[in-house]
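Below is one structure, written out as structure tokens, with a few remarks after it.
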Amino acid sequence: MSVLRPFKATDMFKFNNINLDIWTETYGIGFYLNYLSRWPDLCSVQEAPSGRMMGYVIGKAEGSNTEWHGHVTAITVAPEYRRLGLARKMMGLLEMVSDEIYKGFFVDLYVRCANSVAIDMYEGMGYSVYRRVRGYYGNIGLGKGGRDEEDAFDMRKPMSRDPRRRSVRSNGRDMVVSAHDVS
């Protein structure tokens with residue numbers, strides 16, 4: 001049994017087992033502290049009974065008008081704890097806070113186009129591709145099929161303030177923008 005609890009600053013001393021993963025974006029201490037001070041209710045940790053961190057999510061609220069939304073900046077689960085539904089629980093909490101507290105129109109996230117396991121998981125949670133962002137993660141060269149594997153999909157899930165689902169589109173994989181076009 002694990003517990004989902006708020007992310008604390010001291011958790012940064014315990015998350016190496018999670019961050020040492022090729023799919024996980026890592027940041028400097030100041031970045032995490034900024035999130036914890038500005039959006040503490042969008043940052044949580046999944047913790048084992050032993051106190052070992054199993055995963056975490058950090059997010060923020062941003063945008064304006066109908067683009068006001070919750071954003072998943074990072075979500076990751078340690079390899080030994082994957083496929084247990086932990087990411088789903090953390091995402092559920094972030095979505096609930098984004099919807100009920102921040103009154104966002106949608107929740108979005110960026111995921112590497114090559115990370116098919118994560119894309120399948122997000123689609124199973126109701127997210128869809130809004131657009132492909134060329135060169136979002138930098139450029140390491142061409143991957144399979146001549147596509148840059150460091151592109152990102154901007155994936156979105158509408159919240160209750162968007163009952164007409166205006167924040168999503170059906171042809172998102174066909175919409176390609178430059179990394180310079182997104183903020």
Side-chain angles (χ1 to χ4, degrees), residues 2-48 52-63 68-99 101-102 104 106-133 135-138 140 149-157 159 179 182-183:
S2 64
V3 63
L4 181 59
R5 63 163 178 78
F7 194 122
K8 303 179 294 191
T10 55
D11 289 326
M12 291 186 291
F13 300 116
K14 303 188 303 184
F15 67 10
N16 281 347
N17 67 307
I18 301 167
N19 276 356
L20 299 175
D21 173 75
I22 63 168
W23 298 115
T24 301
E25 289 294 314
T26 57
Y27 306 96
I29 291 173
F31 185 90
Y32 291 102
L33 292 175
N34 180 44
Y35 272 70
L36 292 176
S37 66
R38 294 180 67 187
W39 305 284
D41 45 358
L42 293 173
C43 302
S44 61
V45 165
Q46 196 79 39
E47 185 177 68
R52 183 170 172 86
M53 284 183 61
M54 303 165 79
Y56 70 85
V57 63
I58 60 171
K60 63 182 177 178
E62 64 181 0
W68 177 248
H69 65 283
H71 174 73
V72 180
T73 300
I75 182 163
T76 187
V77 174
E80 64 270 27
Y81 297 113
R82 291 187 180 151
R83 303 198 188 281
L84 298 175
L86 303 180
R88 193 174 293 273
K89 287 180 185 177
M90 291 185 287
M91 290 291 289
L93 178 60
L94 186 141
E95 290 167 7
M96 186 270 299
V97 172
S98 295
D99 191 34
I101 306 299
Y102 289 97
F106 59 93
V107 171
D108 80 337
L109 57 89
Y110 291 90
V111 60
R112 294 173 191 272
C113 294
N115 192 347
S116 59
V117 172
I119 293 165
D120 290 346
M121 178 188 73
Y122 296 133
E123 288 177 338
M125 294 169 58
Y127 287 80
S128 61
V129 174
Y130 182 74
R131 60 189 169 183
R132 183 183 184 120
V133 183
Y136 182 81
Y137 290 104
I140 61 167
E149 292 181 340
E150 293 301 294
D151 288 359
F153 284 138
D154 175 1
M155 299 186 77
R156 295 183 177 188
K157 180 178 181 178
M159 296 288 108
V182 298
S183 54

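- Residues passing the side-chain contact (heavy atoms from CB on, under 4.5 Å) test with Y35 are F31, W39, C43, I58, K60, T73, sequence neighbours excluded.
- Under the rule for a ring pair (Phe, Tyr, Trp, His ring centres under 6.0 Å), Y102 has no partner lying at least two apart in sequence or in another chain.
- For the salt bridge (Lys or Arg N to Asp or Glu O under 4.0 Å) condition, the pairs that include at least one residue of residues 83-96, sequence neighbours left out, are E95-K157.
- Residues meeting the side-chain contact (heavy atoms from CB on, under 4.5 Å) test with K14, sequence neighbours left out: R5, D11, E47, M53.
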For this session: Begin from the C-alpha positions of H71 and Y110 and carry the test side chain to side chain contact (heavy atoms under 4.5 Å, CB included) through to its verdict.
Result: CA-CA 9 Å; H71 174 73; Y110 291 90; 3.5 Å; yes

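- Taking both residues in full, the closest heavy atoms of G104 and M159 are given as O-CB, 3.4 Å, listed atom of the first, atom of the second, then distance.
- Checked against side-chain hydrogen bond (donor to acceptor under 3.5 Å, both in side chains), Y136 has no partners two or more places apart in sequence or in another chain.
- Looking at K8 and V45, their side chains never come closer than 4.5 Å, going by heavy atoms from C-beta outward.
- For S128, there are no side-chain hydrogen bond (donor to acceptor under 3.5 Å, both in side chains) partners at least two apart in sequence or on another chain.
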For this session: Test side chain to side chain contact (heavy atoms under 4.5 Å, CB included) on D99 and V97 and set out the steps.
Result: CA-CA 5 Å; D99 191 34; V97 172; over 6 Å; no

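- Take A78 and apply the side-chain contact (heavy atoms from CB on, under 4.5 Å) test, not counting sequence neighbours, and it matches N17, I18, E80, Y81.
- When all heavy atoms of R112 and I119 are compared, the pair lying nearest together is O-CD1, 3.7 Å.
- Considering only heavy atoms from C-beta on, L4 comes within 4.5 Å of L93 through its side chain.
- Nearest heavy atom pair, residue G55 against residue M90, reads C-SD, 3.8 Å.
- Of all the heavy atoms in L86 and S2, the pair that sits closest is CD2-OG, 3.9 Å.
- Listed by chain and number, the residues in a side-chain hydrogen bond (donor to acceptor under 3.5 Å, both in side chains) with T76 are T24 (sequence neighbours excluded).
- A distance of 9.5 Å separates OG1 in T26 from CG in N16, rounded to the nearest 0.5 Å.
- The minimum heavy-atom distance between W68 and G63, with the atom names listed, is CE3-O, 3.1 Å.
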For this session: I would like to know whether V182 and D154 meet side chain to side chain contact (heavy atoms under 4.5 Å, CB included); could you show each step before the answer?
Result: CA-CA 10 Å; V182 298; D154 175 1; 5.6 Å; no

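- A heavy-atom distance below 4.5 Å is not found between the side chains of R82 and V117.
- Side chain of D108 to backbone of M155: no donor-acceptor contact under 3.5 angstrom is found.
- Residues A48 and M54 approach most closely at N-SD, 3.3 Å, considering heavy atoms.
- Not one N or O on the side chain of H69 forms a donor-acceptor pair closer than 3.5 Å with the backbone of A61.
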Exercise. Step by step, would you call I75 with L109 a side chain to side chain contact (heavy atoms under 4.5 Å, CB included)?
Worked result: CA-CA 9 Å; I75 182 163; L109 57 89; over 6 Å; no

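- Taking the ring pair (Phe, Tyr, Trp, His ring centres under 6.0 Å) definition, one finds that Y56 meets it with F7, F15, sequence neighbours left out.
- Here the side chains of S98 and L42 are in contact, with some heavy-atom distance below 4.5 Å.
- Residue pairs that meet the salt bridge (Lys or Arg N to Asp or Glu O under 4.0 Å) test with at least one member in residues 34-43, sequence neighbours left out, do not exist here.
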